[in-house]
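Below is one structure, written out as structure tokens; comments come after it.
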Amino acid sequence: MSDEIAQLFENNRAWSDRMQAEDPAYFLRLVRQQSPEYLWIGCSDSRVPANQIVGLDPGEVFVHRNVANVVVHSDLNALSVIQFAVDILRVKHILVVGHYGCGGVRAVINDEKNGLVDNWLRHVRDVRDRYVRQLAQMDDLSWRHDRMCELNAIHQAVNICHTTVLRDAWQRGQDVTVHAWCYSLQNGLVNNLQVSARSREEADEQAHNAVARMFWMTGKRRRGDGTPE
């Protein structure tokens with residue numbers, strides 16, 4: 001066993017001892033039940049720990065992660081997670097959480113070539129192509145990247161709202177809301193992107209309004225006079 005892997009086992013034992021010393025019933029509670037109210041769909045980036053960001057313990061958040069927090073109707077992995085969370089766990093909230101500084105989004109913005117993952121990022125590229133004119137007007141590359149991270153999170157949330165899982169859940173009157181957020185690595189805060197939908201129609205309308213507001217604010221920032229484009 002390498003020294004690096006051996007250190008992980010040491011870290012694990014120290015963590016287990018610490019948790020039991022602080023709360024002797026901690027692991028007993030985890031074993032007894034999993035009853036989360038939240039499904040977190042986020043990026044695989046190691047800097048974005050779902051539970052810690054929102055201050056919840058393991059067992060309180062069901063988590064699915066992939067490169068650039070993408071949800072498409074052909075991904076049976078993501079759809080299975082959503083179906084299990086909605087139909088079995090009965091979560092009340094689905095949180096689609098992008099993050100500023102996302103490497104997958106940056107690769108799309110910069111037209112980078114990274115091999116196999118480029119096929120996966122085609123879904124993010126589709127979002128970029130939809131707003132290529134508006135994004136091209138942003139001279140500040142960091143500003144353009146941030147807006148693209150937000151646009152991606154919004155559109156992945158809309159994709160979830162159009163799945164058969166959510167359509168069926170809403171049709172039977174289940175209380176579940178889909179949200180679009182974006183997390184900042186710089187200050188640890190989550191930005192609410194103003195999409196919190198309980199139907200396909202609501203998701204489409206909220207996404208349209210959120211995107212319009214985003215580009216209005218971009219024009220305001222560029223002009224410096226608050227004049228909408």
Side-chain angles (χ1 to χ4, degrees), residues 39-50 53 63-82 85 94-163 165-166 178-186 189-197 200 203-215 217-218:
L39 167 60
W40 174 291
I41 297 180
C43 183
S44 297
D45 193 299
S46 60
R47 302 167 295 176
V48 188
I53 288 172
V63 178
H64 176 75
R65 298 169 69 169
N66 60 48
V67 175
N69 46 273
V70 168
V71 180
V72 289
H73 302 155
S74 58
D75 182 4
L76 294 181
N77 184 5
L79 293 179
S80 297
V81 170
I82 294 169
I94 299 177
L95 315 172
V96 182
V97 188
H99 71 96
Y100 302 110
C102 178
V105 172
R106 180 178 293 108
V108 168
I109 288 287
N110 296 335
D111 283 318
E112 298 173 6
K113 303 299 182 185
N114 293 292
L116 181 63
V117 72
D118 295 334
N119 297 280
W120 178 253
L121 292 175
R122 177 66 216 187
H123 304 300
V124 182
R125 192 179 302 272
D126 289 342
V127 177
R128 183 205 64 179
D129 291 349
R130 183 170 181 171
Y131 301 102
V132 64
R133 181 182 62 84
Q134 295 95 324
L135 291 167
Q137 294 174 359
M138 300 179 190
D139 298 329
D140 187 328
L141 293 181
S142 64
W143 184 256
R144 185 187 306 173
H145 180 266
D146 287 351
R147 300 294 76 73
M148 186 59 210
C149 291
E150 294 170 349
L151 288 168
N152 184 51
I154 289 171
H155 278 278
Q156 305 312 323
V158 171
N159 285 349
I160 292 174
C161 293
H162 282 262
T163 63
V165 177
L166 268 297
V178 180
H179 309 266
W181 293 357
C182 206
Y183 170 71
S184 173
L185 297 171
Q186 294 184 339
L189 297 178
V190 171
N191 182 18
N192 182 357
L193 300 179
Q194 304 303 317
V195 174
S196 293
R200 287 180 295 166
D204 292 339
E205 180 180 1
Q206 291 181 1
H208 174 80
N209 293 339
V211 171
R213 183 165 50 249
M214 178 192 305
F215 288 125
M217 291 300 296
T218 298

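- Across Cys102 and Cys43, no two heavy atoms sit closer than the pair SG-SG, 4.1 Å.
- Counting heavy atoms from C-beta on, the side chains of Val105 and Leu121 never come closer than 4.5 Å.
- Between His155 and Tyr131, the angle of the ring planes lies from 30° to 60°, which puts this pair in the tilted group.
- Taking both residues in full, the closest heavy atoms of Val195 and Ala210 are given as CG2-CB, 4.3 Å, listed atom of the first, atom of the second, then distance.
- You'll find the side chain of Ile82 reaches within 4.5 Å of the side chain of Leu166, heavy atoms only.
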Identify all side-chain donor-acceptor contacts of residues 67-74 below 3.5 Å with residues at least two apart in sequence or on another chain.
| from | atom 1 | to | atom 2 | distance (Å) |
| --- | --- | --- | --- | --- |
| His73 | NE2 | Asn159 | O | 3.2 |

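- Between Trp120 and His123, the ring planes are perpendicular. Angles over 60° get that label, and only those under 30° would be called parallel.
- Using a 4.5 Å heavy-atom threshold, the side chains of Glu112 and Asp118 count as separate.
- Taken to the nearest 0.5 Å, the CZ atom of Arg130 stands 12.5 Å off from the CG atom of Leu135.
- The distance from atom CZ of Arg200 to atom OG1 of Thr163, rounded to the nearest 0.5 Å, is 10.0 Å.
- Between Arg147 and Asp140 no salt bridge is recorded (no basic side-chain N to carboxylate O distance below 4.0 Å).
- The nearest pair of heavy atoms linking Tyr100 to Ser184 is CD1-CA, 3.8 Å.
- Between Met148 and Arg128, the closest heavy-atom pair is CE-N, 3.4 Å.
- The shortest distance between side-chain heavy atoms of His162 and Ile160 does not fall below 4.5 Å.
- The main-chain N or O of Asn119 is never found under 3.5 Å from a side-chain atom of Arg125 such that the two would form a donor-acceptor pair.
- A distance of 11.0 Å separates CD in Gln194 from CD in Glu150, rounded to the nearest 0.5 Å.
- Nearest heavy-atom pair across Arg47 and Tyr183 is O-CE2, 4.2 Å.
- Counting heavy atoms from C-beta outward, Trp181 and His99 have side chains that stay 4.5 Å or more apart.
- Legend: residues meeting side chain to side chain contact (heavy atoms under 4.5 Å, CB included) with Leu141, ordered by chain and number and at least two apart, are Arg144.
- For Val158 against Ala207, the heavy-atom pair with the smallest separation is CG2-CB, 3.6 Å.
- Annotation: side chain of Asn77 is in contact with side chain of His64 (closest heavy-atom distance under 4.5 Å).
- When Leu95, Val63, Val81 are each tested for a side chain to side chain contact (heavy atoms under 4.5 Å, CB included) with Leu39, only one passes: Val81.
- Under the 4.5 Å side-chain criterion, counting only non-hydrogen atoms from C-beta, Val127 is in contact with Gln156.
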